[in-house]
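Single-structure report; data block below.
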There are 2 protein chains.
Amino acid sequence: MTYTYRHPRPSVTTDVLVFSIRERRLHVLLIQRGVDPFAGQWAIPGGFLRMDEDLADCAARELKEETGLDELAGLPLTQFRTYGAVDRDPRGRVISVAFLTLVPSDHLTVRGMSDASAAAWFAFDTLPPLAFDHAQILEDGRAHLADLVNPSISDSASVVFDLLPEAFSLSDAQNVFEILRGEALDKRNFRKWFDATWPLVETGETTTGPGRPAALYRRDTTGRD
Amino acid sequence: MTYTYRHPRPSVTTDVLVFSIRERRLHVLLIQRGVDPFAGQWAIPGGFLRMDEDLADCAARELKEETGLDELAGLPLTQFRTYGAVDRDPRGRVISVAFLTLVPSDHLTVRGMSDASAAAWFAFDTLPPLAFDHAQILEDGRAHLADLVNPSISDSASVVFDLLPEAFSLSDAQNVFEILRGEALDKRNFRKWFDATWPLVETGETTTGPGRPAALYRRDTTGRD
DNA sequence: TCAAAATTGTGTATATATTACACTATAATG
DNA sequence: CATTATAGTGTAATATATACACAATTTTGA
């Protein structure tokens with residue numbers, strides 16, 4: 001079966017940056033390419049758009065196929081930029097619509113599937129060489145992520161709660177913000193701001209481990225977002 | 001000449017929102033479609049991507065072809081979103097990468113050309129019915145524009161100087177900000193902020209017309225951006 | 001020519017948000 | 001029981017944002 005057109009057409013793909021926090025560091029999910037071009041190299045998961053699916057659906061499907069990550073139900077895919085340099089793909093003209101998302105470190109069992117020979121998490125600051133223009137995409141996506149959780153820019157900073165367990169300590173919350181924004185925050189100022197922005201209720205439980213136990217909190221959902 | 005592929009491919013287009021200020025109101029440049037679908041309806045200028053041009057080049061070329069607007073040299077095209085709903089174009093699957101730009105009201109002589117039967121400026125708050133999903137694109141682009149000139153979000157608010165003449169009054173500047181952001185600003189607070197943000201020098205000239213003459217200023221370019 | 005209309009220009013006080021900063025409390029570890 | 005690790009706490013200074021009203025200068029038209 002072939003498809004014939006009167007004018008040449010580029011291919012269209014979607015790529016998805018899946019960010020997560022593992023061992024207190026920002027990680028991103030990559031796949032190892034099983035086929036040429038760039039066979040064996042690491043790349044952002046993604047693939048070709050089907051004619052009957054929306055862009056975001058394509059992104060979600062490819063992610064599932066290549067990494068097994070399915071739990072995206074609920075977690076939003078944010079479109080952040082489209083890449084279309086003439087020579088970005090040696091196979092020909094390929095336009096790629098890039099998305100990003102954030103997943104909690106729970107549903108994270110990934111496996112290589114289909115034309116990806118492997119899928120794995122990489123710490124963002126020790127990335128392997130990447131296929132195509134994926135290093136650039138990753139850099140742009142990283143900046144977009146930082147903006148997304150910067151309350152003075154975005155107003156959707158509450159996505160961090162998707163990364164936190166039901167009950168969390170204020171240090172946990174601060175860690176998440178620091179990692180996503182990529183900068184250290186003052187403890188007292190953070191607590192003041194965090195508690196003022198999203199009302200919290202103490203669960204009564206505490207953490208154990210070295211150092212003073214931390215009180216655990218839950219979001220006070222008697223209000224809104 | 002035809003082009004044959006093993007898998008179906010969508011078409012890729014770019015669309016460009018050209019904003020300007022005319023008679024103290026935000027305007028946008030639209031074209032009247034000369035061919036079906038939506039022949040006779042108004043639409044955002046744009047068109048099909050060629051295989052040898054980058055996305056932004058395509059946007060600039062189509063704009064020139066359809067509206068005669070050429071002076072884009074220097075004025076940045078900002079990519080803000082890509083549209084790809086399955087049914088957004090009755091001709092088939094079309095993915096559209098949307099850009100926006102702002103032009104001063106000087107280089108504004110537009111003419112209908114090629115497959116656009118006419119090009120014209122419309123006040124943003126009295127738009128005609130639009131083809132495709134262009135009403136949605138316009139709405140998104142409008143929001144993006146407002147963010148772009150909101151200094152607490154964007155840091156590229158200095159684009160307003162592209163819309164102002166060399167010598168301008170503080171009221172002129174305030175008008176531009178009010179129109180682009182879509183909200184009224186306090187005169188004294190605006191002047192304080194504007195002058196503190198971009199050092200100005202008085203030219204010594206003044207405006208004439210009804211009311212007290214306004215002093216004209218020029219940006220003090222002994223500094224940076 | 002003068003009253004009205006239109007527009008420019010000007011300062012202060014208040015509220016809110018942001019930043020800086022250092023020590024005590026409580027547990028685990030060895 | 002000393003050390004190490006982490007949690008928890010408040011205040012002052014600064015910067016930013018907001019609110020607000022009237023005098024000055026010109027054109028216009030009665």
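Order of the sequence lines sets the chain letters (A, B, ...), proteins ahead of strands, with each chain counted from 1.
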Check your understanding: Quick one: which of B:Asp15, B:Asp89, B:Thr82 gives a side chain to side chain donor-acceptor pair (under 3.5 Å) with B:Ser96?
Key -> B:Asp15
Revision key, fill the gap. Side-chain contact check for A:Arg212: nearest option of D:dG10, D:dA23, D:dT6 is D:dT6
Check your understanding: Just how far, in rounded Å, is P of C:dT8 from CG of B:Leu200?
Key -> 16 Å
Exercise for review: Starting at atom NZ of A:Lys187, determine the distance to atom C1' of D:dT11, rounded to an integer number of angstrom.
Suggested key: 17 Å
Review point. Considering only side-chain heavy atoms of A:Ala214, which listed nucleotide, D:dA21, D:dA7, C:dA27, is closest?
Key: D:dA7
Exercise for review: Return the 5'-most residue of the pair B:Ser169, B:Asn189 with respect to DNA chain C, ranking by each residue's nearest nucleotide.
Suggested key: B:Ser169
Point to revise | Between P of C:dT10 and CZ of B:Phe194, the distance in whole Å | key: 15 Å
Check your understanding: Expressed in angstrom and rounded to an integer, what is the separation of B:Trp193 atom CH2 from D:dA17 atom P?
Key -> 9 Å
Review point. Between A:Ser156 and A:Ser154, is any side-chain donor less than 3.5 angstrom from a side-chain acceptor?
Key: yes
**Study point:** Donor-acceptor contact present, side-chain A:Thr207 to main-chain A:Ala214, <3.5 Å
**Key:** yes
Study note, to complete from the structure: From NZ of A:Lys192 across to P of C:dA17 the rounded distance in Å is 12 Å
Point to revise | Cation-pi, B:Phe161 ring and B:Arg219 (6.0 angstrom, 45 degrees) | key: yes
Check your understanding: Can you check whether A:Arg191 has a side-chain N or O nearer than 4.0 Å to OP1 or OP2 of D:dG8?
Key -> yes
Practice item. Identify which nucleotide among C:dG9, C:dA27, D:dA7 has an atom closest to any side-chain atom of A:Ser171, counting heavy atoms from C-beta outward. Key: D:dA7
Review point. What is the distance, rounded to the nearest whole Å, between atom CD of B:Glu202 and atom C1' of C:dT8?
Key: 12 Å
Exercise for review: Would you kindly give the CZ-to-C1' distance between A:Phe190 and D:dT6, to the nearest whole Å?
Suggested key: 16 Å
Practice item. Would you please classify the geometry between the A:Trp193 ring and the A:Phe190 ring as parallel, tilted or perpendicular, with 30° and 60° separating the classes? Key: tilted
Review point. On DNA chain C, nearest-nucleotide positions of B:Arg188 versus B:Gly211: which is more 5'?
Key: B:Gly211
Exercise for review: Write down the distance between CZ (B:Phe168) and P (C:dG9), rounded to a whole number of angstrom.
Suggested key: 12 Å
